**Student:** 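Have a look at this one.
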There are 2 protein chains.
Amino acid sequence: MTAPRRTEAGQRRPYDTESLLTVAVSVFNARGYDGTTMEHLSAAAGIGKSSIYHHVAGKEDLLQRALDRALNALFSILDHVDPQANSLDQLATVVRRSVETLMRELPYVTLLLRLRGNSRVERDALQRRREFDARVVELVGRALTDGSVTRGLDPALTTKLIFGMVNSVSEWYRPERGPDATDIPDAVVALVMHGLTPSRGTASLEGR
Amino acid sequence: MTAPRRTEAGQRRPYDTESLLTVAVSVFNARGYDGTTMEHLSAAAGIGKSSIYHHVAGKEDLLQRALDRALNALFSILDHVDPQANSLDQLATVVRRSVETLMRELPYVTLLLRLRGNSRVERDALQRRREFDARVVELVGRALTDGSVTRGLDPALTTKLIFGMVNSVSEWYRPERGPDATDIPDAVVALVMHGLTPSRGTASLEGR
DNA sequence: CCCTAGCCCGAACGAACGTTCGGGTGGGGC
DNA sequence: GCCCCACCCGAACGTTCGTTCGGGCTAGGG
């Protein structure tokens with residue numbers, strides 16, 4: 001898949017743990033973690049599969065490192081929210097930062113979002129992710145009562161739908177294609193805040 | 001996992017292909033297709049793993065049947081849209097029906113949404129899904145121009161975001177828990193049409 | 001009552017899996 | 001000029017995978 005690790009001049013360009021992780025996560029996302037073999041990783045990295053064990057303990061160690069990175073990025077969003085701002089603005093900020101984080105740490109977060117909990121490592125990561133979700137539900141709850149939101153929306157349901165939209169960016173965004181990247185966080189925030197029709201009752205039947 | 005196939009009276013209750021598929025798809029969703037072994041299926045069904053081959057050709061045959069069912073359900077949504085209605089109403093209808101279909105055929109559609117394209121069967125299903133997406137993008141494009149949508153939204157991006165929200169229902173909706181099922185399609189349509197704040201400019205900073 | 005057909009079983013198969021092993025190689029510090 | 005160690009390799013390990021095989025129950029029609 002990738003060329004063997006040589007510069008054009010032919011000198012060795014050995015891996016470190018970090019750059020090997022980059023390759024591995026990319027393959028995990030393309031084939032799914034369970035669908036990826038050490039042979040696949042070996043081919044993508046351009047080294048023998050036994051060489052991988054010089055840098056990491058094994059396949060699951062690579063997963064662990066990737067998930068830690070994703071979760072740390074997500075929690076740092078919540079830790080940098082301005083508690084003085086009104087809660088609807090706080091929510092808009094978290095939504096925007098979540099999209100930006102998703103785009104910046106795309107492969108790592110994508111891996112996190114697809115976990116099924118088949119091993120200890122996966123279950124622990126899912127647990128941390130649930131803690132993140134719980135803190136966001138609190139924020140949405142405050143925004144729905146404090147803010148100027150008229151209809152009586154359920155915080156848990158609303159959170160799931162909003163972040164369903166946010167997380168879905170990982171299914172199609174590819175950083176190498178298209179410079180429309182900057183438009184995406186704007187589009188998400190706008191759609192979450194105002195929907196397709198900025199004022200009520202425009203669509204006569206609304207799907208019924 | 002599931003009890004062996006006996007009634008309380010102790011008489012045999014043999015499988016047919018359909019009910020075996022139900023069990024298999026449920027395990028596929030819990031562990032992921034690649035993370036599921038024939039041993040897992042055997043245990044969940046309560047029969048020996050060699051018995052599975054009496055009903056289907058193999059593991060991939062089960063996947064094929066499940067994906068066909070999901071795709072047929074999705075395309076039937078598009079085939080029953082009223083072409084006379086205005087395009088924004090058409091879109092609202094497709095969104096609502098998509099959520100309803102997702103909830104009704106939950107395990108099958110969930111399986112479809114998680115495909116990575118690792119085999120011929122998976123790639124063919126992804127191809128059919130792309131055709132479905134393309135027809136929806138057309139519809140969104142018409143709704144964004146015909147309808148009373150003021151801002152200049154990109155149809156492709158808007159489609160991805162809306163159906164990202166729609167499809168995310170599969171990640172958390174569990175039919176056995178809670179009768180709030182009827183609220184979900186309403187909530188999705190409302191959020192897509194009007195967002196959190198029905199009128200413009202309520203959130204002063206909108207996340208910046 | 002017996003025979004057939006539908007449904008099931010445990011045992012075994014070759015292939016592919018993640019990992020281990022012993023050893024090779026080559027460039028930077030002494 | 002030599003040695004060391006970071007980095008790499010192919011071969012082999014035991015295990016688990018999806019599938020096959022040959023045969024055994026049992027309900028229902030004759």
Side-chain angles (χ1 to χ4, degrees), chain A residues 1-25 27-28 30-66 116 118-122, chain B residues 1-25 27-28 30-66 116 118-122:
Chain A
M1 237 161 176
T2 304
R5 286 237 128 191
R6 307 266 160 183
T7 62
E8 297 99 32
Q11 64 229 24
R12 294 181 63 201
R13 190 157 47 98
Y15 271 100
D16 59 5
T17 304
E18 191 66 17
S19 54
L20 182 61
L21 180 62
T22 305
V23 174
V25 170
V27 182
F28 286 162
R31 319 186 72 106
Y33 176 74
D34 285 321
T36 301
T37 72
M38 295 303 280
E39 208 87 50
H40 291 141
L41 297 182
S42 158
I47 59 177
K49 61 176 174 171
S50 56
S51 304
I52 296 175
Y53 292 85
H54 181 75
H55 303 284
V56 294
K59 192 186 175 190
E60 204 163 33
D61 186 25
L62 285 163
L63 181 63
Q64 171 88 263
R65 290 167 190 268
R116 301 312 307 155
N118 288 339
S119 67
R120 186 70 200 281
V121 169
E122 297 191 19
Chain B
M1 237 159 174
T2 304
R5 285 239 127 192
R6 306 268 161 184
T7 63
E8 299 99 31
Q11 63 230 24
R12 295 181 62 199
R13 190 157 48 97
Y15 271 100
D16 58 6
T17 304
E18 190 66 17
S19 52
L20 182 61
L21 180 62
T22 305
V23 174
V25 170
V27 182
F28 285 161
R31 318 186 73 106
Y33 175 75
D34 285 321
T36 301
T37 72
M38 295 303 280
E39 208 87 52
H40 291 140
L41 296 182
S42 158
I47 61 178
K49 62 175 175 171
S50 56
S51 303
I52 295 174
Y53 292 84
H54 181 74
H55 303 284
V56 293
K59 192 187 175 190
E60 204 162 34
D61 185 26
L62 286 163
L63 181 64
Q64 171 88 263
R65 290 167 191 265
R116 300 311 307 154
N118 287 339
S119 67
R120 187 72 201 282
V121 169
E122 297 191 19

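Chain letters run A, B, ... following the sequence lines, proteins first and then strands; every chain starts at 1. These numbers come from a predicted model, not from an experiment. Heavy-atom basis, side chains included; hydrogens, waters and symmetry copies ignored.
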**Student:** Taking atom P of D:dC9 as reference, at what distance in whole Å does atom CD of A:Glu39 sit?
**Tutor:**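 Result: 12 Å.
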
**Student:** Is it the case that C:dG18 (base atoms only) and A:Thr37 (side chain only) share a donor and an acceptor within less than 3.5 Å, ignoring hydrogens and angles?
**Tutor:**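 Check fails, no donor-acceptor contact within cut-off.
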
**Student:** Do B:Arg116 and B:Asp34 come within less than 4.5 Å of each other through their side chains, counting heavy atoms only?
**Tutor:**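 A side-chain contact under 4.5 Å is absent here.
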
**Student:** Which atoms form the tightest heavy-atom contact between B:Gly35 and A:Asn118, and what is the distance?
**Tutor:**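 Closest pair (atom of B:Gly35, atom of A:Asn118, distance): CA-ND2, 4.2 Å.
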
**Student:** For the side chain of A:Ser50, counting heavy atoms from C-beta on, which of D:dC7, D:dG10, D:dT20 is nearest?
**Tutor:**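 Closest of the options to the side chain of A:Ser50: D:dG10.
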
**Student:** Measure CG/A:Asn118 against P/D:dC17 and give the value in whole Å, please.
**Tutor:**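 These atoms are roughly 12 Å apart.
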
**Student:** Using the side-chain heavy atoms of B:Lys49, tell me which of these nucleotides is nearest: C:dG18, C:dC8, C:dA12.
**Tutor:**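 Selected nucleotide (nearest to the side chain): C:dA12.
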
**Student:** Would you kindly give the NE2-to-C1' distance between B:His54 and D:dT20, to the nearest whole Å?
**Tutor:**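 Taking NE2 of B:His54 and C1' of D:dT20, I get 15 Å after rounding.
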
**Student:** Restricting to non-hydrogen atoms, name the atom on A:Val121 and the atom on A:Gln64 that form the minimum distance, rounded to 0.1 Å.
**Tutor:**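 Answer, listing the atom of A:Val121 first, then A:Gln64: CG2-NE2, 3.8 Å.
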
**Student:** Can you check whether A:Ser51 has a side-chain N or O nearer than 4.0 Å to OP1 or OP2 of D:dC7?
**Tutor:**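 Indeed not, no polar side-chain atom of A:Ser51 lies that close.
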
**Student:** Which nucleotide wins on minimum distance to the side chain of B:His55, given the candidates C:dC8, D:dC8, D:dT20?
**Tutor:**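 Given the options C:dC8, D:dC8, D:dT20, the side chain of B:His55 is closest to C:dC8.
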
**Student:** Given D:dA12, D:dC9, C:dC8, which nucleotide is nearest the side-chain atoms of B:Pro14?
**Tutor:**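 The answer is C:dC8, which lies nearest to the side chain.
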
**Student:** May I have the distance from A:Asp16 (atom CG) to D:dC8 (atom C1'), rounded to whole angstrom?
**Tutor:**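 Computing the A:Asp16:CG to D:dC8:C1' distance gives 15 Å.
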
**Student:** Rounding to an integer number of Å, can you tell me how far B:Tyr53 OH sits from C:dG6 P?
**Tutor:**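 Going from B:Tyr53 (OH) to C:dG6 (P), I get 21 Å.
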
**Student:** Just call it for A:Ser42: base, sugar-phosphate, or nothing, with non-hydrogen atoms closer than 4.0 Å on any strand.
**Tutor:**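 The residue A:Ser42 makes no contact with any strand.
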
**Student:** In whole angstrom, what separates A:Ile52's CD1 from C:dC21's C1'?
**Tutor:**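 One finds 16 Å between C1' of C:dC21 and CD1 of A:Ile52, rounded.
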
**Student:** Looking just at side-chain N and O atoms, do A:Ser51 and A:His54 make a donor-acceptor pair shorter than 3.5 Å?
**Tutor:**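 No.
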
**Student:** Quick one: A:Glu60 CD to C:dT19 P, roughly how many Å, whole number?
**Tutor:**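 Distance check: A:Glu60 CD to C:dT19 P gives 8 Å.
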
**Student:** Which pair of non-hydrogen atoms, one from B:Phe28 and one from B:Leu62, has the smallest distance, and what is that distance?
**Tutor:**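 That would be CE1-CB, 4.0 Å.
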
**Student:** Could a donor-acceptor pair under 3.5 angstrom be found where the side chain of B:Lys59 meets the base of D:dT19?
**Tutor:**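 No such pair is found, so the answer is no.
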
**Student:** When the distance from CE of A:Met38 to C1' of D:dG14 is rounded to whole Å, what number comes out?
**Tutor:**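 Whole-Å distance recorded here is 17 Å.
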
